[in-house]
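Worksheet for the structure shown next.
Lettering of chains follows the sequences in order, A, B, ..., and the numbering in each one begins at 1. These numbers were taken from a predicted model, which means no experiment stands behind them.
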Amino acid sequence: MSPAVIGGKTTTEFGYNSKIEGEVVHTTVDAALNWFRKNSLWPMPMGLACCGIELMAVGASRFDISRFGSEVMRFSPRQSDVMIVAGTVTYKMALAVRRIYEQMVEPKWVIAMGACASTGGMYRSYAVLQGVDNIIPVDVYVAGCPPRPEALLDALIRLQNKVAHEPITRDLKRDVAPDKYGRMGLELGAQGEVLQRKS
Amino acid sequence: MPTSLELAGQLREKFGDLISEPLEFRGEITVTVANPERIAEVCQHAKTALGFDLLIDLSSVDNYGDDPRWTVVYELSGLGHGQHVRLKTSVSEERSELPTVSQVWRTADWHEREAYDMMGIRFSGHPDLRRILMWDGYPYYPLRKDFPLAGKPTLLPDTAFTQTAPLEGGPFVTLPGGKDSAAREPRVRTPEE
């Protein structure tokens with residue numbers, strides 16, 4: 001890249017100048033790993049209600065989530081990085097959501113898309129979990145009923161910014177898996193069954 | 001082509017006092033079946049002799065505070081004559097059981113499972129009377145009038161759990177035909193209002 005002259009000062013748009021630095025890039029391990037991670041966050045599409053339709057729109061050509069490296073919707077939790085919970089989480093579905101989250105490999109993130117996934121939305125009833133953060137930790141909440149596709153893209157960009165600043169090397173030294181997730185604090189056994197909650 | 005009223009009359013001719021006088025409201029015919037134990041027999045006759053080959057819906061009503069508590073409603077229709085007749089039958093809370101019509105119309109299978117799941121009415125002779133919406137082992141019947149809208153907490157290890165939903169002062173009630181939009185919109189209203 002050739003230097004550009006802006007306002008009398010010589011600047012380069014990127015920190016890497018192949019003529020000067022050859023094939024070598026100087027950076028930190030954290031920055032490099034985070035850069036790899038944040039530009040290919042593969043979603044686990046947890047489409048549970050009408051928000052799932054907007055999630056499909058985000059994946060389609062008009063909004064095109066592949067601009068952010070997240071076009072690979074993986075229907076296997078083993079291959080996913082970010083779970084997008086799109087829709088109403090009923091109690092009947094809640095433990096399936098939780099179990100799929102448990103099956104995702106670290107590092108993993110969660111986007112709660114829409115009012116229902118964030119808080120239960122308009123469903124104040126016996127059948128609906130009042131926010132998916134009761135059972136799994138949520139990184140980004142998206143408002144809307146359902147949110148516009150741009151709002152989900154904004155959430156993805158915010159998540160990328162969060163991922164870009166995670167202290168990976170420090171986290172690697174400790175056990176990153178928390179003993180229990182969510183405000184409800186339910187713990188699952190080895191077979192995915194709910195153990196009695198420690199009060 | 002027979003009308004709904006004539007078909008209801010034919011049902012009454014066959015079963016006599018078991019079937020009430022047809023009640024017409026807004027062009028729809030409703031008859032009441034006095035004895036819920038004979039509902040399957042009436043339905044079988046309606047299907048084979050009167051051409052009601054389609055069960056549109058089967059639903060249940062909770063007349064909370066009244067006796068008998070339950071009303072089961074059958075919406076009958078025939079593709080041949082295009083007529084519609086509604087059958088109603090009442091079941092006491094102590095009994096809470098009546099014969100299945102899933103042998104008459106197979107579609108009644110899931111409708112009866114839903115009525116069982118939500119209201120707790122059992123259908124004797126049903127081939128597979130399990131919950132259909134809530135999970136197996138859920139201890140309540142949530143569409144009953146005495147079940148709180150916010151739900152009750154449960155914790156079933158292995159299957160599922162529930163907590164009471166925060167209602168924030170609700171449930172929110174509309175006043176149909178209210179004089180202004182503030183009255184018509186859903187608001188927190190105490191029963192005295």
Other residues, nucleotides and ligands only: do more than 12 of their heavy atoms fall within 6.0 Å of [atom1] on [X]?
| X | atom1 | answer |
| --- | --- | --- |
| B:Asp17 | CG | no |
| A:Arg62 | CZ | no |
| B:Phe15 | CZ | yes |
| B:Arg184 | CZ | yes |
| B:Arg12 | CZ | yes |
| B:Lys47 | NZ | yes |
| A:Lys92 | NZ | yes |

Name the region of B:Phe147, side chain, backbone, both or neither, that has any atom closer than 4.5 Å to a heavy atom of chain A.
-> side chain
Taking side chain as C-beta onward, heavy atoms only, is B:Phe161 less than 4.5 Å from A:Leu129?
-> yes
Measure the spacing between OG1 of B:Thr154 and OH of A:Tyr126 and express it to the nearest 0.5 Å.
-> 13.0 Å
Without swapping roles, check the side chain of A:Tyr91 against the backbone of B:Gln163 for a donor-acceptor pair under 3.5 Å.
->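 Side chain of A:Tyr91 to backbone of B:Gln163, a donor-acceptor pair under 3.5 Å: yes, one is there.
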Say whether, by atom type as modelled, one donor and one acceptor occur between the side chain of A:Arg124 and the main chain of B:Pro166 under 3.5 angstrom.
-> yes
Which residues share a side-chain contact (heavy atoms from CB on, under 4.5 Å) with B:Glu75, sequence neighbours left out |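 B:Ile56, B:Asp57, B:Val73, B:His84, B:Arg86.
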Interface residues of residues 124-137 of chain B facing chain A - non-hydrogen atoms under 4.5 Å apart | B:Ile132, B:Leu133, B:Met134, B:Trp135
